[in-house]
Amino acid sequence: MNEIIAYFSTIPSSHRSLILVCGITIFWLIENAFPLFNFNYKKWHHASINIFLTFTTIIVNFCLAFILLKSADWTIANNFGILQWLPQMSLWLYALVGLFLLDLIGAYLVHLVEHKTKFLWRFHLIHHTDTWIDTTSANRHHPGESVIRFVFTSLGVLIVGSPMWMIFLYQTLSVVATQFNHANISLPKKLDTILSYFIVSPDMHKVHHHHVLPYTDSNYGNIFSVWDRLFGTFMTLPKEEIVYGIDTHRNPKEHNQLKNLLKIPFQKPRSTENN
């Protein structure tokens with residue numbers, strides 16, 4: 001554990017970028033070999049849109065990273081946050097508790113709030129317009145949503161009292177997890193079901209991308225599946241019945257053109273959109 005802490009305490013930006021690129025590449029190759037759905041689409045055009053939005057997410061996080069650093073340093077210096085108030089424990093347990101709590105606030109909670117708040121939904125909607133979910137869809141976030149998620153991550157750091165190495169570890173696991181559960185891969189049903197008791201599996205997350213309620217408002221988790229099961233937002237749907245996208249933006253001119261995707265949060269809301 002000490003080696004892991006040492007590595008993530010000083011992990012270079014190049015290593016973090018390499019993990020992101022390698023993750024997309026590996027899952028891209030796997031989904032081409034063992035696809036869940038055989039999409040009829042221009043894969044490179046679709047990927048270019050999603051990779052552009054991934055790049056904007058990286059820029060937002062890079063520009064605001066100093067806030068995370070200052071927040072983490074402040075919690076440790078002032079003995080503030082849940083981790084600082086818990087009794088002494090092994091490093092492994094300390095890391096696991098921290099990761100669970102960061103996942104709760106930085107992934108599950110913000111995702112839930114985005115679906116339940118009209119203004120925030122306008123930005124998150126871009127993620128749901130994708131009608132061809134694959135590993136490149138993982139970070140298909142409007143720049144405005146990237147800022148929203150960063151705010152919740154920073155809030156999580158303050159509440160949890162996370163050291164910086166834990167934040168880097170969490171972000172790395174989060175990137176790989178979201179690439180995995182968005183990937184257009186077909187796992188054996190029994191294996192996917194077993195995984196879904198511990199982490200967010202591909203079949204579990206695909207339900208969240210079904211185009212109509214109540215399925216759109218379910219399975220909010222990113223790394224750990226416990227939060228959906230604990231808070232009653234876990235749902236299942238046979239993968240054969242899943243239709244990707246969102247019912248208010250089915251036109252390819254709306255969901256498959258970058259210019260329009262960036263404008264969606266500022267367009268007049270559709271009356272049937274999520275709240």
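What you see below is based on every heavy atom in this structure, not just the backbone, and it leaves out hydrogens, waters and symmetry mates.
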Is [Y] close to [X] at the side-chain level, that is, under 4.5 Å between some pair of heavy atoms?
X: Thr193; Y: Tyr197; answer: yes
X: Ser154; Y: Leu68; answer: yes
X: Met235; Y: Pro214; answer: yes
X: Asn256; Y: Tyr41; answer: no
X: Leu195; Y: Leu187; answer: yes
X: Arg16; Y: Phe168; answer: yes
X: Met166; Y: Val97; answer: no
X: Ser196; Y: Arg229; answer: yes

Do [X] and [Y] pair up side chain to side chain, a donor and an acceptor below 3.5 Å, judged on atom types alone?
X: Asn139; Y: Thr57; answer: no
X: Tyr108; Y: Thr233; answer: yes
X: His46; Y: Asn50; answer: yes
X: Asn260; Y: Gln267; answer: yes
X: Arg250; Y: Thr131; answer: no

[atom1] of [X]: more than 12 outside heavy atoms within 6.0 angstrom?
X: Phe231; atom1: CZ; value: yes
X: Trp44; atom1: CH2; value: no
X: Phe62; atom1: CZ; value: no

[X] versus [Y], closest heavy-atom pair with distance:
X: Ser174; Y: Asn222; result: OG-ND2, 2.7 Å
X: Ile24; Y: Thr135; result: O-CG2, 3.7 Å
X: Leu64; Y: Phe150; result: O-CZ, 2.8 Å
X: Ile199; Y: Phe180; result: CD1-CE2, 4.2 Å
X: Pro143; Y: Val60; result: O-CG2, 4.2 Å

Anything under 30° is parallel, anything over 60° is perpendicular, the rest tilted; go ahead and classify [X] against [Y].
X: His255; Y: Trp132; result: perpendicular
X: Tyr215; Y: His210; result: perpendicular
X: His128; Y: His124; result: perpendicular
X: His142; Y: Phe266; result: perpendicular

Please tell me whether [X] and [Y] are part of a single hydrophobic cluster in this structure, the criterion being side-chain heavy atoms less than 4.5 Å apart.
X: Ile194; Y: Val207; answer: no
X: Val157; Y: Phe224; answer: yes
X: Ile223; Y: Leu102; answer: yes
X: Leu83; Y: Leu93; answer: yes
X: Ile19; Y: Leu29; answer: no

Heavy-atom donor-acceptor pair, [X] side chain to [Y] backbone, under 3.5 Å:
X: Asp103; Y: Leu99; result: no
X: Asp228; Y: Tyr220; result: yes
X: Gln179; Y: Leu20; result: yes
X: His249; Y: Thr129; result: no
X: Ser225; Y: Gly221; result: no
X: Trp28; Y: Gly23; result: no

First locate atom [atom1] of [X], then atom [atom2] of [Y], and finally report the distance between them rounded to the nearest 0.5 Å.
X: Asn61; Y: Ser13; atom1: CG; atom2: OG; result: 11.5 Å
X: Ile26; Y: Glu31; atom1: CD1; atom2: CD; result: 12.5 Å
X: Arg122; Y: Glu145; atom1: CZ; atom2: CD; result: 15.0 Å
X: Trp121; Y: Ile126; atom1: CH2; atom2: CD1; result: 9.0 Å
X: Phe152; Y: His111; atom1: CZ; atom2: NE2; result: 12.0 Å
X: Leu125; Y: Thr248; atom1: CG; atom2: OG1; result: 5.5 Å

Results of side-chain contact (heavy atoms from CB on, under 4.5 Å) for Asp73 - residues two or more places apart only: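 Leu69.
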Trace of the salt bridge (charged side-chain N to carboxylate O under 4.0 Å, His left out) decision for Lys43 with Asp134: CA-CA 10 Å; Lys43 191 174 179 72; Asp134 62 24; 3.8 Å; yes
Test log, rule ring-ring contact (aromatic ring centres under 6.0 Å, His included), inputs Phe80 and Trp85: CA-CA 7 Å; Phe80 185 87; Trp85 302 330; 5.3 Å; yes
Verdict with reasoning, His127 to His182, per ring-ring contact (aromatic ring centres under 6.0 Å, His included): CA-CA 11 Å; His127 184 68; His182 281 86; 5.1 Å; yes
Sub-6.0 Å ring centroid separation between Tyr7 and Trp165: no
Partner of Ser201 under side-chain hydrogen bond (donor to acceptor under 3.5 Å, both in side chains), chosen from Asp192, Asn219, Asn181: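 Going through Asp192, Asn219, Asn181 one by one, the side-chain hydrogen bond (donor to acceptor under 3.5 Å, both in side chains) with Ser201 is satisfied by Asp192 alone.
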Salt-bridge contact Lys116-Asp217 (side-chain N to carboxylate O under 4.0 Å):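 Yes, charged N to carboxylate O under 4.0 Å.
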